Amino acid sequence: MNVRDSEHMIAELNKKEPYELTQNLSEADLIIINTCSVREKPVSKLFSEIGVFRKHKKDGAKIGVTGCTASHLGRDIIKRAPVVDFVLGARNVSKLPNVIDKKHAVEIDLDYDDSTYSFGEYRTNPLKAMVNISMGCDKSCTYCIVPATRGEEVSIPTDLIINEIEKAVNSGAKEVMLLGQNVNNYGKYFSSDQEKCNFTQLLRKVSQIDGLERIRFTSPHPLHMDDEFLEEFAYNPKICKQIHIPLQSGSSKILKEMKRGYTKEWFLNRCAKVRELCPEATISTDIIVGFPNESDEDFEDTMDVLEQVRFEQLFSFKYSPRPLTQAATYENQIPNDVASARLTRLQKRHTQIVDEIMNSQMGKIHKVYFDELKSGGKVSGRSDDGKLFFVKGSEELLGQILPVRVTKVSRGALDGEVV
Ligand code: 5AD
Ligand code: SF4
C-alpha cells in the first residue's frame, strides 16, 4: 500500500513540475519520508532518519513526512523536528502538490475522500501495475492502528479501477495487483453513486480486460471468504493461484480478543476449501505472536494451524503495542523473552516446511512472467503461484510469460530454464 502511495506522490509531483528521482541525497530538492506505523520499530526510526537527512541534505531542500505516522503524530512531528517542512497523512496523498510550498503545512484529515480522485500515472515497474481498489478499513482489530491512520473504509468506483488497469495494460502491464486493506469487502461503501459491485464481481470485470493476463490481490480477510469468492479465485484462469489469508493467531480465544470475527475452525475450513477447489494454489499468511494473554496452549493452536495448512510464505511478528488501539490497554502483556521464543519456534518450523515445499519443486514446470533484469545475465519473474524464479537471459525475456523448468532450488527462489 505504501509503495503504491509513493508512486501516486511521484505522479502528482510530476503533474506540477518535472521532478526526477535521485539516489543521491545531496542532490535532492525534496525529500519525502513515507512512513508506516503498524509496529513500533519503523516509527522510532523516523526521527533518526530525519536527523540523517537534515545533516546531509542540500541547503534549501525540503523534507516532508507522509503516510501512517504522519496521520498519527501530525503537527507533533514538526514540533519535535522543526526541520520538517510539511506533514501529509495517508489519506491525503492527492493534496501533496498543494502542501510542498506551504511552510509547516499539516494535512491529516481522516475523512478526506481521495476515492474518486484520478491520480497521475507513475509505475516503478511498468510490467506490473498496482491498483488501489479501496482505502481505509472498516474493522477494529484490537492490535491494529490502521483504522486510526487510514480512516474509514471506502471503495474506489469500479469505472476508475477499470480505467486505471486499461491504461496500465496499454503501457505494457500484463499483471495487476489489486490493493486494499480488506479487498474482499470491496463494494460495501462507495462515496459516489454507482452500481452495486462486490469483490467477486469486480474480479470478473477486471478479468474481461483484453491484454491483461494475470490478476493478483492483497489482502483478503478470512471473514469475507465466501464460497462464491473462492470459486471465482479457483476457476477464473486470469487469477493467479496465490492467496494471502492473514491468520494472526490460531487460537479462537485470542482471535476473539483480537476481534478478528472468525475462529480457528473457520480459518481451517476456508483453507481446506481453497485446497479442495484449487489444489495447486499457494497460501501465505501473517501471524502475530505474544498478543496479550496468549498462553502456551494458545500458541500451540497457532503451531497446529501452521502444521495443517503448511503456508508457503509466512510474515510473522512479535506483538507490538500501538497507541490508539484497544489491545495496548489489555492486562497480561506477554514478556518479551516469551514472545521471542515463540517467534523463533514458529519461524524455525516454517523454514523446515518451506524447504520441504521448495525441494519438491525440482524438475517441475511453471509459467513465469519475467519482469526484472538482474545482474549476472539473469532475469527474474514469478510463477502463477508466486514463486520467485531466476533464469539466464536478457531484455528479450522481459514482459513474456513462458514455461520454465526448475533446475535448482533454494529457500527463497528457484533457478530454472525456459522450455
Ligand atoms: N503488532 C504486531 N504486528 C502487527 N500487525 C498489525 N498490527 C500489529 C501489531 N500491533 C501485523 C499483522 C498484519 C500485518 C500487516 O502487520 O499481522 O496483518
Ligand atoms: Fe488492521 Fe484488522 Fe483492518 Fe487489517 S482488517 S487493517 S489488521 S484493523
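Both counts, for ligands and for their atoms, begin at 1 and track the order of listing. In this text the structure is predicted, and so the values were computed from the model without any measurement. Note that the numbering runs from 1 along the sequence shown for the chain.
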Q: One residue to check: Phe317. Relative to ligand 1, which of side chain, backbone, both or neither has a non-hydrogen atom less than 4.0 Å away?
A: side chain

Q: Where's the contact between Lys318 and ligand 1, heavy-atom distance under 4.0 Å: side chain, backbone, both or neither?
A: backbone

Q: What do you reckon, does Ser320 have a nitrogen or oxygen under 3.5 Å from a nitrogen or oxygen of ligand 1?
A: yes

Q: Between the main-chain N or O of Ser295 and the side-chain N or O of Asp298, is there a donor-acceptor pair closer than 3.5 Å?
A: yes

Q: Among all protein heavy atoms in this structure, tell me which lies nearest to atom 6 (S) of ligand 2, with the distance rounded to 0.1 Å.
A: Gln181 CG, 3.3 Å

Q: Using the six-membered ring of Phe47, assess whether NZ or CZ of Arg80 lies under 6.0 Å from its centre and within 45 degrees of the ring axis.
A: yes

Q: Yes or no: does Arg150 have any heavy atom under 4.0 Å from an atom of ligand 2?
A: no

Q: Kindly indicate whether a cation-pi arrangement holds for Arg39 with Phe317, taking the cut-offs as under 6.0 Å to the six-membered ring centre and within 45° of the axis.
A: yes

Q: Would the Phe229 and Phe199 ring centres measure less than 6.0 Å apart?
A: yes

Q: Short list, please: which atoms of ligand 2 are under 4.0 Å from a heavy atom of Val146?
A: 6 (S)

Q: Within 2.8 Å of atom 1 (Fe) of ligand 2, is there any N, O or S atom belonging to Cys144?
A: yes

Q: Out of Gly136, Pro222, Pro147, indicate the one that has the non-hydrogen atom closest to atom 8 (S) of ligand 2.
A: Pro147

Q: Considering heavy atoms of the protein only, find what lies nearest to atom 6 (C) of ligand 1 and give residue, atom and distance to 0.1 Å.
A: Val38 CG2, 3.4 Å

Q: Do any nitrogen or oxygen atoms of Tyr319 come within less than 3.5 Å of a nitrogen or oxygen of ligand 1?
A: no

Q: Taking non-hydrogen atoms only, is Ser219 closer than 4.0 angstrom to ligand 2 via side chain, backbone, both or neither?
A: neither

Q: Check whether Phe86 forms a cation-pi arrangement with Lys102 (NZ or CZ under 6.0 Å from the six-membered ring centre, at most 45° off the ring normal).
A: no

Q: Closer than 4.0 Å to some heavy atom of Arg260 - which atoms of ligand 2 meet that?
A: 2 (Fe), 5 (S), 7 (S)

Q: What part of Cys137, side chain from CB on, backbone N/CA/C/O, both or neither, has a heavy atom under 4.0 Å from ligand 2?
A: side chain

